[in-house]
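Written out below as structure tokens is the structure these notes cover.
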Amino acid sequence: MKVNLKIGDLKPKLPIIQGGMGVGVSLSSLASSVANCGGIGIISGAQIGFREEDFAKNPLEANKRALAKEIRKAKELAPNGIIGLNLMVAMQNYDEFVKVAVKEKIDLIISGAGLPMDLPELVKGSSVKIVPIVSSLRAAKLIMRRWMKKSLRLPDAIVVEGPLAGGHLGFLKEDLVDDTSQSLTEIVSEVVDHLKKEKLDIPVIGAGGIHSVSDIKEVIEAGASGVQIATRFVATHECDASDEFKQAYLNSRKEDIKIMMSPVGLPGRAIENEFLKKVEMGNKVKIDKCYKCIRKCNPAETPFCITKALVDSVEGRTEDGLVFVGAKAYMLDRMVSVKELMKELEQAFV
Ligand SMILES: Cc1cc2nc3c(=O)[nH]c(=O)nc-3n(C[C@H](O)[C@H](O)[C@H](O)COP(=O)(O)O)c2cc1C
């Protein structure tokens with residue numbers, strides 16, 4: 001299956017984007033490895049400064065510094081590759097992180113967990129490509145209308161994220177639990193048809209639950225020009241998470257993967273563990289410190305601190321933290337190198 005993904009003037013050898021994974025799961029190691037194999041590597045900007053000494057005291061400065069460092073490192077490791085940044089709209093100081101990324105000459109910014117309405121203005125005057133993540137045609141239309149009206153700009157590509165993705169999800173919790181959400185291929189077809197009708201040449205990238213070569217083919221047949229894959233990249237040596245985090249993926253069974261409500265106000269998919277059981281039973285997890293991550297969070301009311309929960313898991317305290325996963329994580333059974341994984345996935349395009 002021949003597909004040529006073009007995001008503005010960015011032309012990856014393979015139409016595979018490694019999805020951004022926060023906190024600290026996709027940083028410069030994973031992103032540069034994917035970029036060196038011809039895909040697009042994405043650094044997650046979510047609380048990226050968690051390893052900086054002053055993170056607890058001054059999260060904003062720590063995050064900005066770490067973001068610049070990780071972008072530089074990824075570009076050094078993959079000088080000819082394409083490196084992007086994932087930024088969640090729900091994050092505090094979103095604008096400041098975009099500015100750091102633009103200054104560091106990131107190739108593209110992929111942005112979801114909310115509608116990135118102001119992104120065109122924030123990257124104005126730079127060559128940074130901007131790519132919203134949507135989970136419905138409606139959201140895609142809203143973004144395009146607003147971007148055109150305010151900035152005369154359209155997305156350079158659109159990521160359509162379906163209900164089987166990992167992390168935060170743009171669907172109703174009940175629909176995810178009951179499996180009644182629109183499927184990825186349905187949403188991809190709708191968005192592609194709409195763009196064709198409007199004569200808009202914007203590539204659509206499918207994401208969520210893409211595990212095998214045949215999954216990729218299905219999404220491409222629905223009209224996508226590329227895929228965004230995250231969960232599979234966790235079981236690689238180059239993934240930036242701890243070995244314990246990766247092991248939790250390898251050990252997971254289908255029945256361990258659950259839908260939960262995140263303090264971000266969106267449902268999320270995670271591995272059921274001691275932490276999740278406690279939260280789901282309505283037990284509040286004590287909050288000692290606010291890291292000022294999400295705009296809408298009130299530390300007095302939130303059931304747990306999402307920054308702490310994600311940092312705990314990525315650092316290896318996987319029973320005490322939140323382990324986000326895609327729906328097909330249980331299918332993973334061994335660690336591989338990014339090169340091996342890309343070689344396997346590449347078979348979809350020969
Ligand atoms: C551990 C983990 C963390 C994630 N963090 C983010 C994030 O910070 N921002 C975001 O937009 N998407 C995030 N995602 C979603 C991925 O970027 C990706 O779109 C999605 O997981 C694709 O589905 P797959 O994991 O089944 O391949 C995360 C996914 C996982 C598994």
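FYI, the numbering just counts along the sequence from 1. Every value quoted in this text rests on a predicted model; they were computed, and no experiment measured them. We count ligands from 1, going down the list as the structure has it; atoms in each ligand are counted the same way. The figures that follow rest on heavy atoms only: side chains count, while hydrogens, waters and symmetry mates do not.
By the 4.0 Å heavy-atom criterion, Q228 is counted among the residues contacting ligand 1. A heavy-atom separation below 4.0 Å is not found between A113 and ligand 1. Heavy-atom distances between G209 and ligand 1 reach below 4.0 Å in at least one pair.
Here K258 does not pair with E280 in a salt bridge; the nearest charged N to carboxylate O distance is not below 4.0 Å. We find that D256 and R253 are joined by a salt bridge, their nearest charged nitrogen and carboxylate oxygen being less than 4.0 Å apart. Under a 4.0 Å N-O distance rule, the pair K64/E61 qualifies as a salt bridge. Remark: E272 does not engage K277 in a salt bridge, criterion side-chain N to carboxylate O under 4.0 Å. Salt-bridge formation is detected for the pair K308/D312: a Lys NZ or Arg NE/NH1/NH2 atom is positioned less than 4.0 Å from an Asp or Glu carboxylate oxygen.
Side-chain atoms of S44 and N86 include no donor-acceptor pair closer than 3.5 Å. Inspection of the D215 and S212 side chains reveals an N or O donor paired with an N or O acceptor under 3.5 Å. E238 and S29 share no donor-acceptor pair across their side chains, judged by distance under 3.5 Å alone.
Side-chain contact between K129 and D107: absent, with no pair of heavy atoms (C-beta onward) separated by less than 4.5 Å.
Listed by number with element, the atoms of ligand 1 under 4.0 angstrom from any heavy atom of M88 are 8 (O), 9 (N). In the vicinity of I133, heavy-atom distances shorter than 4.0 Å reach the ligand 1 atoms 11 (O). Atoms of ligand 1 found under 4.0 Å from any heavy atom of A165, numbered from 1 in the order shown, are 20 (C), 22 (C), 23 (O). Close approach to I229 involves these atoms of ligand 1, each under 4.0 Å from a residue heavy atom: 27 (O).
Rounding to the nearest 0.5 angstrom, the gap separating the CD1 atom in I130 from the NZ atom in K124 is 11.5 Å.
Not counting sequence neighbours, the partners of F275 by the ring pair (Phe, Tyr, Trp, His ring centres under 6.0 Å) test are F304.
Of the listed residues (G208, G326, A46), the one carrying the non-hydrogen atom nearest atom 23 (O) of ligand 1 is G208. Distances from atom 30 (C) of ligand 1 to the heavy atoms of M21, H211, H168 put M21 nearest. The closest non-hydrogen atom to atom 28 (C) of ligand 1, taken over S313, A230, G20, G19, comes from G20.
The closest protein non-hydrogen atom to atom 15 (C) of ligand 1 is G166 O, 3.3 Å. Regarding atom 25 (O) of ligand 1, its nearest protein heavy-atom neighbour is T231 OG1, 2.6 Å. In terms of protein heavy atoms, atom 8 (O) of ligand 1 is closest to G22 N, 3.4 Å.
With a 4.0 Å heavy-atom cut-off, ligand 1 is reached by the side chain of Y249 but not by its N, CA, C or O. Of all the heavy atoms of L164, the ones lying under 4.0 Å from any atom of ligand 1 belong exclusively to the backbone. If you look at N86 next to ligand 1, the close heavy atoms, those under 4.0 Å, all belong to the side chain.
Close N/O approach between V25 and ligand 1 is not found [any backbone or side-chain N/O within under 3.5 Å].
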